[in-house]
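Here the structure is laid out as structure tokens; the discussion comes afterwards.
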Amino acid sequence: MKKILVTGGAGFIGSHLCKKLLSDCNHVICLDNFFTGTRDNLKELLKNPNFEIIEHDIENPIDIQLDEIYNLACPASPPHYQFNPVKTVRTSVVGVANMLELAHKYNAKILQASTSEVYGDPLEHPQKETYWGNVNPIGMRSCYDEGKRCAETLMMDYHRQFGTDTKIVRIFNTYGPNMHPNDGRVVSNFIVQALKNEDITIYGEGNQTRSFCYVSDLVDALIKMMNSTDFIGPVNLGNPSERTILNLAELIIKKTGSKSKIIHKPLPSDDPIKRKPDITLAKSKLNWEPIVGIDQGLDSTIAYFKTKLNIL
Ligand code: NAD
Ligand code: UDP
């Protein structure tokens, strides 16, 4: 039985990852400061004797003997990572250095949840891992984008300098159950607004694009990456099916049968105009590609929010 640490395990992706790792008969320790994650996301796991929760902030060192670390701790939604931007930088730099020290000490593998945001507002489309990105280093999104870029640097330098067994995945927009109703990202915002028949808030004209991956596909890829040999990444993980934000809003209104109207709000600064992963590398190195389409993924996510919000 492997002993696996999942930082950020109480969050959206982390809670699904903990569940899958437990079902694969591992001992799982979820470490979280509960900034955006909740114990509610983990309640069905608590009865499993192989599951532990440690309330801890990765900004502070910790000493636990383990085999693998999935480092997911970091707020991922723009309003949450911009709430305390200095803290966001510290989480991605000091926090990642602490987790790398831990991996180094116990000869453990460590996987870093990086992001498509390392490509910024991309000038190359779709984005390949070889693209160095177009990131504003001093804007509102930089605490997250540059924090995650520095985290990648630390991962590579620990690997080259100390031989640490590191793995970098660049996650593209992922959605599904266990997103917080107040998460602030587009899929959860639109579904919650649609279910409450409130106005759907499109930022800008809605012509910007994203490519949405369902969480079960992403979790499968994270585990495949951790178990891969002789491959450290970085590797893009996401669903290449690209759509405009306006199209997403219309689809969610249709699926929920909502009476919501679409309204437009100002586009936040540095909001990327388009985003779509090139997943050729993930296909060849991990033998992985997403299998859940947008219809099936949205149906499950809408069903989750109906229950969460007590809507019949
Ligand atoms: P989330 O906000 O739901 O989860 C993040 C978790 O990390 C929360 O449980 C939060 O409480 C915890 N956390 C934050 N700062 C911490 C700290 N200093 N110490 C300990 N715990 C801390 O977000 P998510 O969507 O589940 O994202 C998980 C990871 O995946 C993040 O690192 C994020 O950057 C990355 N990612 C996610 C997406 C996506 O579309 N969901 C895309 C790219 C990258
Ligand atoms: N967005 C929107 N309305 C919302 C939330 C987000 O139009 O209520 C837009 C946002 O401006 C961006 C896209 O949807 O262009 C995706 O936003 P999200 O915060 O989900 O992720 P990210 O911008 O980090 O990809």
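Atoms within a ligand are numbered from 1 in the order they appear, just like the ligands themselves.
Between Lys109 and Asp67, none of the side-chain N atoms (NZ, or NE/NH1/NH2) sits under 4.0 Å from a carboxylate O, so this pair counts as no salt bridge. Classification of Arg210 and Glu242 as a salt-bridged pair fails, no side-chain N sitting under 4.0 Å from a carboxylate O. No salt bridge links Asp145 with Arg149; every basic N to acidic carboxylate O contact stays at or beyond 4.0 Å. Using a 4.0 Å cut-off between a side-chain N of Lys or Arg and a carboxylate O of Asp or Glu, Arg141 and Glu146 do not qualify as a salt bridge.
Looking at Ser228 and Lys285, their side chains never bring a donor and an acceptor atom within 3.5 Å of each other. Defined by atom type and a distance below 3.5 Å, a donor-acceptor pair is present between the side-chain atoms of Tyr106 and Asp63. Donor-acceptor pairing under 3.5 Å is recorded for the side chains of Tyr119 and Arg170. With no hydrogens or angles considered, no side-chain donor-acceptor pair links Asn134 and Asp121 at under 3.5 Å. Side-chain contact check for Gln112 and Tyr70: no donor-acceptor pair (N or O, by modelled atom type) lies under 3.5 Å. Judged by distance alone, the side chains of Asn239 and Tyr175 never bring a donor and an acceptor atom under 3.5 Å apart. In the model, Gln82 has no side-chain atom that pairs as donor or acceptor with a side-chain atom of His80 under 3.5 Å. Side-chain contact, Thr201 with Gln193: a donor N or O sits under 3.5 Å from an acceptor N or O. There is a side-chain donor-acceptor pair under 3.5 Å between Asn71 and Thr7.
The option with the heavy atom closest to atom 37 (C) of ligand 1, from among Thr38, Leu31, Ile13, Ile58, is Ile13. Here atom 4 (C) of ligand 2 lies nearest to Tyr203 when heavy atoms of Tyr144, Tyr203, Tyr81, Tyr175 are compared. Summarising the contacts of atom 21 (O) of ligand 2 with Asn173, Val186, Asp145, the nearest heavy atom is found in Asn173. In this structure, of Arg185, Arg141, Met179, the residue bringing a heavy atom nearest to atom 24 (O) of ligand 2 is Arg141. The option with the heavy atom closest to atom 40 (O) of ligand 1, from among Leu222, Ile54, Asp57, Thr174, is Thr174.
Counting heavy atoms under 4.0 Å from ligand 1, residue Tyr175 does not touch it at all. The residue Lys265 has no part lying near ligand 2, judged by heavy-atom distances below 4.0 Å. Contact annotation: for Ser114 versus ligand 1, heavy atoms closer than 4.0 Å belong to the backbone alone. The proximity of Ile171 to ligand 1, defined as any non-hydrogen pair under 4.0 Å, involves the side chain as well as the backbone. At a heavy-atom cutoff of 4.0 Å, ligand 1 is contacted by the side chain of Arg185 but not by its backbone.
For atom 16 (C) of ligand 2, the nearest protein heavy atom (residue, atom name, distance) is Arg210 NE, 3.7 Å. Closest to atom 13 (C) of ligand 2, if we only count protein heavy atoms, is Ile245 CD1, 3.7 Å. The single protein non-hydrogen atom nearest to atom 3 (N) of ligand 2 is Thr201 O, 2.6 Å, given as residue, atom name and distance. Regarding atom 15 (O) of ligand 2, its nearest protein heavy-atom neighbour is Asp271 OD1, 2.6 Å.
Residue contact annotation: Asp32 has a non-hydrogen atom under 4.0 Å from ligand 1. Contact analysis puts Tyr144 in contact with ligand 1, with a non-hydrogen atom separation below 4.0 angstrom. By the 4.0 Å heavy-atom criterion, Lys148 is counted among the residues contacting ligand 1. Using a 4.0 angstrom heavy-atom cutoff, Pro78 counts as in contact with ligand 2. Residue-ligand proximity: Arg275 is placed with a non-hydrogen atom under 4.0 Å from ligand 2. Using a non-hydrogen distance threshold of 4.0 Å, His56 registers as a contact of ligand 1. The closest approach between Ala10 and ligand 1 falls below 4.0 Å for a heavy atom of the residue.
Annotation: cation-pi geometry satisfied between Arg39 and Phe34 (NZ/CZ under 6.0 angstrom from ring centroid, within 45° of ring axis).
Those atoms of ligand 2 with a heavy atom of Gln208 less than 4.0 angstrom away are 9 (C), 11 (O), 15 (O). Atoms of ligand 2 lying under 4.0 Å from at least one heavy atom of Ile202, given by number and element, are 7 (O). Distances below 4.0 Å separate heavy atoms of Asn189 from the following atoms of ligand 2: 4 (C), 5 (C), 8 (O). Shown in contact with Glu117 at under 4.0 Å from a heavy atom are these atoms of ligand 2, numbered in order with element: 24 (O).
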